[in-house]
Amino acid sequence: MKKALKIFLNIVLILYPVIVFIMLVMLKLPVKVLSLCVMALAAALFLSFSAKKSEKNLDWKPLATSLLFLAAGLLCFFTNKTIFLKLYSPAINLILLMFFGSTLIYRPNIIFRFATLADKSIKGSFHEKKVENYCRKVTYAWCIFFILNGSVAALTVFADKIFGITPENADKIWSLYNGGISYILMGVLFAAEFIVRKFVDKKMVKVFPLTKFKAASRARDAVVCYDGKWSDKSFKTWGDFLGDTAKMRRFIESRKTDSYILHCGDFWYFGVTFTALLQCQKAVHLTQNISENFLAEALLPGMELLTDADVENSLYIPEIIEKSEEPSKEEIEKTPEINGETTRIFLFTSGSTGKPKAVPQRMKEFEEDNAFIISKWLDKISERKFVSTVSQHHIFGFLFGFSLPFATGTPFRRKRIEFPEEFETLDDEKYLIVATPAFLKRTVEIVEKLDMRDPWLFTSGGAVSPELAVKTNEVFGIYPLEVYGSTETSGIAYRMQDKDGLTWTPFDNAKIWLGDDGCLRIISPYIKDPAGFATADLAEMLDGGKFLLKGRSDSIVKIEEKRISLTEVENRLLESGLVEDVKVIALSNEIRQYLAAAIVLNEKGKKEFAGKEKLVLNKYFHDFLMHYFENTVIPKKWRFLEKLPTDIQGKKHKEEIIALFEVK
């Protein structure tokens with residue numbers, strides 16, 4: 001009964017102008033009788049919408065409406081004029097204008113509040129800011145409507161005086177506009193916004209991280225992965241992903257193994273297998289290294305190796321997928337939940353001993369890392385195709401080469417770029433390149449200018465020198481966006497040297513300060529320890545939480561009681577103008593500790609010392625460093641190489657440099 005009464009009262013409110021017209025013009029009721037009816041309506045509204053509600057839950061909107069009707073009725077009763085009944089429509093428009101307009105100042109705007117009430121998934125989503133910006137524009141549109149509609153409604157109130165028409169015709173115009181045309185215009189605005197919203201929604205990038213996707217998250221023909229270059233049209237689709245993942249899941253579920261080592265050079269095989277392993281709640285160890293010696297240490301009893309490489313006693317992924325029976329529709333539609341907090345993922349990194357150690361990770365932190373990148377650069381990401389030079393077994397390659405494009409629905413290349421010359425073939429589409437500074441350096445040394453269409457560059461795994469940044473811009477047409485982080489911390493800060501110089505800007509969710517040793521300390525959602533993580537990176541803090549890196553604390557050694565920075569020695573050697581690459585390390589024997597330098601000469605250096613004995617080179621660089629350092633700290637051993645030993649990420653490992661100086 002109460003519900004029916006509320007519905008009835010709402011209909012009366014909507015048809016208010018029509019009812020006033022019928023009572024005033026057609027039935028010719030006295031003004032005082034009409035005013036009493038309006039006051040009765042005010043009382044009914046108040047009692048209906050406020051009955052049995054606590055003071056906390058009392059809705060102010062019906063109360064305000066009731067007061068408006070009561071005021072109009074009283075004024076009409078005592079003045080015997082209908083103008084106060086007609087002012088209801090302009091007053092409502094004015095109140096709505098003030099209400100909607102105030103939310104443009106005191107955010108969030110009213111339309112966004114309505115949107116988040118209707119769709120709970122908007123809050124905290126990757127596209128929350130875009131939705132809020134769109135809703136802000138819609139709020140502006142409604143404010144303009146209330147101004148125009150209220151102005152016309154006010155004109156109809158005084159139509160007889162403004163246009164010189166009879167009061168009866170003025171009442172007809174007032175009733176026609178406020179009881180009909182006004183609602184039609186409101187409906188048109190609703191319909192137009194609905195159409196625009198559907199169009200905007202269709203264009204808006206839908207983000208589904210690995211722990212959130214369902215079979216229906218993307219269209220079955222949506223491209224997930226491509227081979228070669230985009231125009232070759234060698235695609236793997238969302239339907240293929242669901243099918244191959246179901247095959248791998250069936251295979252994994254048939255085995256009793258709980259812990260796997262995963263190695264895949266092919267990003268497609270990597271993606272479907274990694275996903276299936278997480279869906280089956282298995283422990284996953286990611287490694288680029290599948291040498292016999294490494295596997296002898298890493299492959300513990302009870303573990304198995306899943307790979308697309310020819311490795312003895314391994315599980316060969318391409319064969320598993322090829323020979324597996326086609327999954328049923330039910331198996332394809334099934335997407336077992338992946339709990340980001342309980343996933344067991346291990347990435348191998350070099351420990352203090354130089355031996356690889358497995359660092360535990362979780363999808364929760366991986367996706368939080370991706371979330372910031374998506375919130376900051378989604379537009380750059382969504383309009384390009386991913387191509388990586390970095391192994392997906394490394395944290396940078398995993399986050400940017402697989403996890404990020406998967407979440408944003410951006411196609412990624414099956415095979416990573418291994419040679420700089422491969423970039424020359426990528427002239428058919430906009431590409432987003434994931435590369436290490438070492439690979440960029442190799443590229444700019446070989447290629448003068450790439451004819452690529454508006455590329456975008458993410459780089460990590462080492463600092464980009466100002467010279468390399470400039471050269472990268474000359475070759476690719478853009479400065480790289482550098483991400484500072486590590487396996488232990490993930491992404492911490494970013495910079496683009498054309499805008500930021502050498503200054504790093506922390507991620508919004510990272511808290512950074514200097515420890516007593518002058519090294520960076522970090523707290524972020526990615527780091528599981530609430531006390532944060534202590535890096536070995538020396539830094540200088542700047543205004544606004546930004547910072548400059550000043551080298552590594554572990555690069556400072558004592559030689560005969562003198563503190564010397566290995567990085568400074570390396571930089572001085574590069575300043576000679578004859579050196580392309582260098583690594584200085586501290587060695588020791590039974591008597592003392594000393595420095596040793598491994599050097600790669602550039603073209604100028606090779607010409608300078610062509611045909612010269614090694615002793616001449618040793619003496620030249622010794623004498624050059626004497627301008628900056630005392631003799632006791634100048635390197636005592638020298639090696640001149642064509643290339644320094646590096647891993648697949650371009651990093652130089654201390655134990656491999658030490659091996660260059662071992663007596664054979």
[X] versus [Y]: any side-chain heavy-atom pair under 4.5 Å?
| X | Y | answer |
| --- | --- | --- |
| V584 | L573 | yes |
| P506 | I492 | no |
| D379 | K130 | yes |
| I512 | W504 | no |
| F366 | I345 | yes |
| F629 | I564 | yes |
| L432 | K385 | no |
| D454 | R384 | yes |

Would the number of heavy atoms belonging to other residues, nucleotides or ligands and lying under 6.0 Å from [atom1] of [X] be above 12?
| X | atom1 | result |
| --- | --- | --- |
| K511 | NZ | no |
| K614 | NZ | yes |
| D310 | CG | no |
| F419 | CZ | no |
| K449 | NZ | yes |
| K546 | NZ | no |
| K212 | NZ | no |

Qualifying residue, where the test is side chain to side chain donor-acceptor pair (under 3.5 Å) with Q288 and the options are H394, H393, Q392: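 Considering H394, H393, Q392, a side chain to side chain donor-acceptor pair (under 3.5 Å) with Q288 is found only for H393.
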Only one of I446, L450, L440 passes side chain to side chain contact (heavy atoms under 4.5 Å, CB included) with V475; say which it is. L450
Rounded to the nearest 0.5 Å, how far does [atom2] of [Y] lie from [atom1] of [X]?
| X | Y | atom1 | atom2 | value |
| --- | --- | --- | --- | --- |
| T443 | E445 | OG1 | CD | 9.0 Å |
| D227 | S234 | CG | OG | 4.5 Å |
| S391 | F402 | OG | CZ | 13.0 Å |
| L514 | K550 | CG | NZ | 11.5 Å |

Donor-acceptor pair, distance only, cut-off 3.5 Å: does the side chain of [X] make one with the backbone of [Y]?
| X | Y | value |
| --- | --- | --- |
| H285 | F346 | no |
| E367 | L210 | yes |
| E482 | V464 | yes |
| T489 | G485 | no |
| T459 | A435 | yes |
| R453 | D428 | yes |

Could you tell me which non-hydrogen atom of [X] sits nearest to which non-hydrogen atom of [Y], and how far apart they are?
| X | Y | result |
| --- | --- | --- |
| T410 | I381 | CG2-O, 3.5 Å |
| D308 | D266 | OD2-N, 3.0 Å |
| L549 | D537 | CD2-CB, 4.1 Å |
| S576 | F621 | OG-CE2, 3.8 Å |
| P405 | F400 | CD-O, 3.4 Å |
| S460 | P437 | O-CD, 3.1 Å |

Please identify which of these residues, F412, W230, Y226, meets the ring pair (Phe, Tyr, Trp, His ring centres under 6.0 Å) condition with F235. W230
Using side-chain hydrogen bond (donor to acceptor under 3.5 Å, both in side chains), reason through D369 and S490 one step at a time and then give a plain yes or no. CA-CA 7 Å; D369 186 283; S490 190; 2.3 Å; yes
Is the ring pair F458/W456 parallel, tilted or perpendicular, if the boundaries are 30 and 60 degrees? perpendicular
Return the orientation label for the F476 and F423 ring planes: parallel under 30°, perpendicular over 60°, tilted otherwise. perpendicular
For E422, run the salt bridge (Lys or Arg N to Asp or Glu O under 4.0 Å) check against R442, R416, K229, R413 and tell me which one passes.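 With E422 as partner, salt bridge (Lys or Arg N to Asp or Glu O under 4.0 Å) holds for just one option, R413.
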When you measure from the centre of the six-membered ring of F267, is the NZ or CZ of R414 under 6.0 Å away and within 45° of the axis? no
Sequence neighbours left out, what passes ring-ring contact (aromatic ring centres under 6.0 Å, His included) with F241? Give chain and number order. F213, W238, F406
Among all residues two or more places apart in sequence or in another chain, which pass the side chain to side chain donor-acceptor pair (under 3.5 Å) test with D451?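 Testing D451 for side chain to side chain donor-acceptor pair (under 3.5 Å), a comparison that skips the adjacent residues, returns none.
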Under the rule for side chain to side chain donor-acceptor pair (under 3.5 Å), what residues qualify as partners of S388, not counting sequence neighbours?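 Not a single residue meets the side chain to side chain donor-acceptor pair (under 3.5 Å) criterion with S388.
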Would you list the pairs meeting salt bridge (Lys or Arg N to Asp or Glu O under 4.0 Å) in which at least one residue belongs to residues 389-400, sequence neighbours left out? none
Could you list all the salt bridge (Lys or Arg N to Asp or Glu O under 4.0 Å) pairs where at least one residue sits in residues 466-481, not counting sequence neighbours?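 Pairs touching residues 466-481 that pass the test: K471-E474.
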For the ring pair W638 and Y620, is the centre-to-centre distance below 6.0 Å? no
Pair Y431 and F386, ring centroids less than 6.0 Å apart: no
Do E580 and K604 meet the salt-bridge criterion of a basic N to acidic O distance under 4.0 Å? no
Which atom pairs, donor and acceptor, lie under 3.5 Å between side-chain atoms of residues 268-277 and protein residues at least two apart or in another chain?
{"residue": "W268", "atom": "NE1", "partner": "D244", "partner atom": "OD2", "Å": "3.0"}
{"residue": "T273", "atom": "OG1", "partner": "Y269", "partner atom": "O", "Å": "2.7"}
{"residue": "T275", "atom": "OG1", "partner": "G271", "partner atom": "O", "Å": "2.7"}

Under the criterion side-chain hydrogen bond (donor to acceptor under 3.5 Å, both in side chains), I'd like the reasoning laid out for N370 against S403: C-alpha separation, chi angles, the key distance, then a yes or no. CA-CA 8 Å; N370 279 162; S403 178; 2.5 Å; yes
Dump the intermediate steps for side-chain hydrogen bond (donor to acceptor under 3.5 Å, both in side chains) on S291 and N289, then the final yes or no. CA-CA 6 Å; S291 66; N289 188 353; 2.9 Å; yes
